[in-house]
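Have a look at the structure below before the remarks.
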Number of protein chains: 2
Amino acid sequence: MGEVTDNNQALNEREQSILHHVVHNYIQTAIPVGSRYISKHFESSLSAASIRNVMADLEELGFLSHPHTSAGRVPTDLGYRFYIDYLMEMQQLGDDEKLRIHQQLDQTNDADEMLRETSKLLGKISHQLSIVTSPHLSSGIFEKIELIPIASSKLLVVISIRTGIVRTIMMEIGVEVRRDHLDQVGHLLNERLSGLTLHEIRDSFVDRVRDMQSEQTGLIRLFIESVDQLFTDSKERDKVLIGGTKNIIEHPEFIDPKNFRSVIELIENEDIIVHLLEKHDELQKGFVVTIGTENKDETTKEYSFVTAIYDVEGVTGRVGVIGPTRMNYSKVIPLVDYVAQTIAKMLSA
Amino acid sequence: MGEVTDNNQALNEREQSILHHVVHNYIQTAIPVGSRYISKHFESSLSAASIRNVMADLEELGFLSHPHTSAGRVPTDLGYRFYIDYLMEMQQLGDDEKLRIHQQLDQTNDADEMLRETSKLLGKISHQLSIVTSPHLSSGIFEKIELIPIASSKLLVVISIRTGIVRTIMMEIGVEVRRDHLDQVGHLLNERLSGLTLHEIRDSFVDRVRDMQSEQTGLIRLFIESVDQLFTDSKERDKVLIGGTKNIIEHPEFIDPKNFRSVIELIENEDIIVHLLEKHDELQKGFVVTIGTENKDETTKEYSFVTAIYDVEGVTGRVGVIGPTRMNYSKVIPLVDYVAQTIAKMLSA
DNA sequence: TCTGAGCACTCGTACTCATTGAGTGCTTAC
DNA sequence: GTAAGCACTCAATGAGTACGAGTGCTCAGA
C-alpha cells in the first residue's frame with residue numbers, strides 16, 4: 001500500500017487513506033465502493049458513519065463522485081490523478097512477463113513486424129487497447145540513399161538511418177532513367193546529405209542540390225518536388241498500430257453497447273489518437289498518463305492513455321495503452337515502460 | 001425484379017416469386033416478413049392465407065424459417081443461395097460511386113497504401129467489413145534482386161516482380177560483407193533467376209546456386225537458409241487488411257452484444273478469414289459468395305463472404321466483404337467486382 | 001470537536017404479471 | 001386451389017412491487 005506522504009496539503013492522512021482504498025477497490029471490482037465496505041475490510045478502527053463523513057469531504061473536494069444517491073463512491077478523474085501521483089505503489093513486472101515480452105519480440109528482425117507484434121502483445125498482457133507508433137524518422141540521422149529502378153517508370157528510393165532503420169518509398173518517374181545516371185545522382189546525394197537529420201535535409205534540400213541541376217535536371221527536379229514525401233514523417237505512412245480490441249471489451253464497462261461503439265469509433269478514427277500522442281510527445285517525459293477529461297477530447301473523456309517513449313539514438317516513437325479510466329495503473333505503467341525499453345533495445349541491436 | 005427462370009425445378013413460379021419477396025424484404029428491413037405484408041404489398045391477387053400455404057411449403061423445403069411461431073418468415077442460408085443464384089437482379093453501380101472509387105484509389109502510387117485505402121473505402125461504401133489481401137507474389141515473375149547493405153550487419157533485399165510490385169526483406173547477416181561481393185552475388189542471382197516465378201525459384205533455388213558456393217560460400221548459404229523468407233508468401237507478411245468495423249456494427253443484428261463480440265473475434269483472429277479466403281481462391285472464379293453455414297466454420301456461421309479476385313499479370317489477390325448473411329447482395333457483389341477490377345488496373349499501371 | 005449509532009430516505013435492480021399485437025396453423029366453405 | 005375465420009402462440013412492453021445497498025442527517029457520548 002502506498003505510503004501516505006505530505007506531498008499534497010489538500011488532504012490529511014485519513015482522507016488520503018480512504019481515497020486510496022476507494023480507488024484501489026474500484027479499480028479491482030468496478031463496483032462503486034460504500035462506506036460500510038471500507039469500514040469492514042480496511043479501516044476497522046473507524047465506523048461506516050465516520051467514513052461517510054470523510055467521503056463527503058472528498059466528494060466536495062472533487063476526488064470522488066456518486067453515480068446516484070444509493071450507490072457507493074467512484075473516483076473522479078482528479079481522484080485517479082491524486083492516486084497515481086501520491087498514493088499508488090508501482091507493481092513490479094513479473095519475471096515471467098518479462099520473459100514473455102522478450103521471447104515474443106525476439107522472433108523477427110523486421111522493424112515493422114516487431115512493432116506489430118508489440119501491439120498484439122501489449123494488448124494481451126494489459127487487457128487494454130494497445131497503441132504503437134512507428135519511429136519518427138525526422139530526427140534520425142541520414143546514413144545513405146539508394147535509388148533502384150523498378151519496371152519502366154518507377155523508382156524505389158531506400159533511405160537508411162544510422163540506427164539501421166530503413167524507409168522505402170516508391171516514386172513515379174515519368175521517363176526511364178539510365179542506371180549510371182541514377183548511381184551518379186545517388187552518389188552525390190549521399191555525399192551531400194551525410195550526417196544530417198532527415199528534418200534538416202527536408203528544410204535545406206533545395207539549397208544543397210541547387211548546383212547539381214545542370215547535370216541531371218529532370219531527376220533532381222523530381223526529388224525537389226518529392227522532398228516532403230521522402231524526408232517527412234507522413235501521417236499516412238507512419239501510422240499508429242492499434243490492437244487488442246478483443247481484450248478491452250471484456251471489461252465490465254463494455255456491457256453498455258454505447259461504450260462499445262465509442263471504442264470502435266476510437267479505433268477507426270485514428271486521428272484522435274494521433275493527436276493525443278502528439279501531446280504526449282510534447283511533454284518529453286519518459287511516460288505520460290492522461291486521465292479522462294484531462295485529454296480535452298469529448299470522445300475520449302472516459303478513457304485514459306498511458307504511453308512511454310522509446311528512443312533509439314534520437315529516433316523516437318511511442319508505445320502505450322488506452323483503456324477505461326478505471327485502469328490498473330500500478331500494473332500498466334511499469335508494463336508500458338518496460339515494453340518501451342525493450343523495443344528500444346531491439347531496434348538498436 | 002429478377003425474372004422467374006426454370007433453372008431450378010424445385011420451385012414453381014409462385015413459390016419463387018414469394019421467396020423473392022421474402023428475401024428481398026428481409027434484406028431491406030431486417031424484420032421477419034409476414035404473409036399479410038406480402039399479400040398487401042406485392043401479391044395483391046393472393047390472400048394472406050394462400051401465401052401462408054406457400055410459405056409453409058418453402059419452409060418445408062428448407063428455404064425459409066421461423067424465429068418463433070408468432071413471427072414472420074426469415075430466409076435460411078439455402079434461401080439466400082437460391083435468391084442469389086436464380087432470383088436476384090444485380091444492381092448497377094452508380095457513376096458517382098465509380099468516380100469515388102477511382103478518386104480514392106488514384107491518390108497514391110504505393111501499392112500497400114492503395115490496398116489500405118481500398119479497405120477503408122470498401123467498408124464505407126458497402127457498410128460491411130472489408131477484406132483486402134496483398135497480392136500473392138509466389139506466381140509473380142522475378143524481375144530482379146538488389147542487395148543493399150544497411151548499417152553493420154544487415155542486408156536489405158529488394159525483389160521486384162515484373163508487374164512493378166516489390167518486396168523488401170530485411171536480413172540479418174552475421175558479418176559485414178564487402179559491397180563488391182554483394183554486387184557480384186546479386187548479379188549472378190539476377191542472371192540465374194530471371195524469368196522464373198518466385199514459386200519456381202523457391203523450389204529450385206538450391207540447385208540453381210549450387211556451383212556458386214565456392215566463391216561466396218557464407219552469403220550463399222545465408223540465402224539458402226532464408227529462401228522461404230524471401231520467395232514465399234509468408235502469412236505474417238502478406239496479411240489481410242480488415243476494415244470498416246464502424247460501418248458494420250450499425251446493422252441491426254449488432255444490437256445483441258453477443259454478435260458484437262463475434263465480429264471482434266473475427267477481426268482479431270485473422271486466421272479464420274485467411275483460411276476462408278484460401279477456399280475462395282481454390283474455386284478460381286471471378287467472384288465467390290459463401291453464405292453462413294456454407295463456409296463450414298462455427299464462428300462465421302452467421303456471416304457471408306463476398307470476394308472477387310484481382311489479377312495483375314498472374315499475380316493475384318482478393319478483395320471482398322464480410323457481413324451478416326442478411327446482406328444486400330445485389331449491391332455488394334457488383335461493388336466488390338468493380339473494386340477488384342479497379343485495383344488490378346491501378347496495380348498494373 | 002470528533003466519533004459513531006440510529007433511522008429515514010433514495011434509487012437502481014430484479015421479478016412478477018397482465019396486456020397487446022403480430023403472425024401462424026388449421027379448419028372449413030367455395 | 002383459394003381464401004375467410006378463428007383459436008393459439010409467443011415476444012415485447014409496461015406497470016407494480018419488493019429488495020437492498022448506501023447515503024445523509026441528527027444526536028448522544030467521549
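Letters A, B, ... mirror the listed sequences (proteins, then strands); counts begin at 1.
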- [ ] By nearest nucleotide on DNA chain D, pick out whichever of A:His66 and B:His68 is the more 5' one.
- [x] B:His68
Task: Upstream residue (5' side of DNA chain D) when A:Ser35 and B:Asn53 are each assigned their closest nucleotide - done: B:Asn53
Open item on the list: Can you identify which nucleotide, out of D:dT9, C:dG25, D:dA3, has its nearest atom closest to the B:Thr69 side chain?
Closed with: D:dT9
Task: A:Met55 side-chain proximity, nearest of D:dT23, C:dA5, D:dC10 - done: D:dT23
Would you call the rings of [X] and [Y] parallel, tilted or perpendicular, where under 30° means parallel and over 60° means perpendicular?
{"X": "A:Phe42", "Y": "A:His21", "value": "parallel"}
{"X": "A:Phe254", "Y": "A:Phe260", "value": "perpendicular"}
{"X": "A:His280", "Y": "A:Phe305", "value": "perpendicular"}

Students often get this wrong, so: under 4.0 angstrom with heavy atoms, is [X] touching a base, only sugar-phosphate, or nothing?
{"X": "A:Ser39", "value": "nothing"}
{"X": "B:Ser70", "value": "base"}
{"X": "A:Arg36", "value": "nothing"}
{"X": "A:Ala49", "value": "base"}

Could you tell me how far apart [X] ([atom1]) and [N] ([atom2]) are, to the nearest whole angstrom?
{"X": "B:Arg14", "N": "D:dG1", "atom1": "CZ", "atom2": "C1'", "value": "8 Å"}
{"X": "B:Ile18", "N": "D:dG1", "atom1": "CD1", "atom2": "C1'", "value": "13 Å"}
{"X": "B:Glu60", "N": "C:dG25", "atom1": "CD", "atom2": "C1'", "value": "13 Å"}
{"X": "B:Tyr37", "N": "C:dT24", "atom1": "OH", "atom2": "P", "value": "14 Å"}
{"X": "B:Asn12", "N": "D:dG1", "atom1": "CG", "atom2": "P", "value": "10 Å"}
{"X": "B:Asp57", "N": "C:dG25", "atom1": "CG", "atom2": "C1'", "value": "13 Å"}
{"X": "B:Lys40", "N": "C:dG23", "atom1": "NZ", "atom2": "P", "value": "12 Å"}
{"X": "A:Ile38", "N": "C:dG4", "atom1": "CD1", "atom2": "C1'", "value": "16 Å"}

Task: B:Lys301 and B:Glu298 ion-paired at < 4.0 Å - done: yes
- [ ] Taking ring-ring contact (aromatic ring centres under 6.0 Å, His included) as the test, write out the residues that go with A:Tyr37, two or more places apart.
- [x] A:His41
Open item on the list: Should the side chain of A:Arg52 and the base of D:dG24 be counted as holding a donor-acceptor pair, with the cut-off at 3.5 Å?
Closed with: yes
Open item on the list: Can you tell me if A:Arg73 touches the phosphate of D:dG24, counting only side-chain N or O atoms and a distance under 4.0 Å to OP1 or OP2?
Closed with: yes
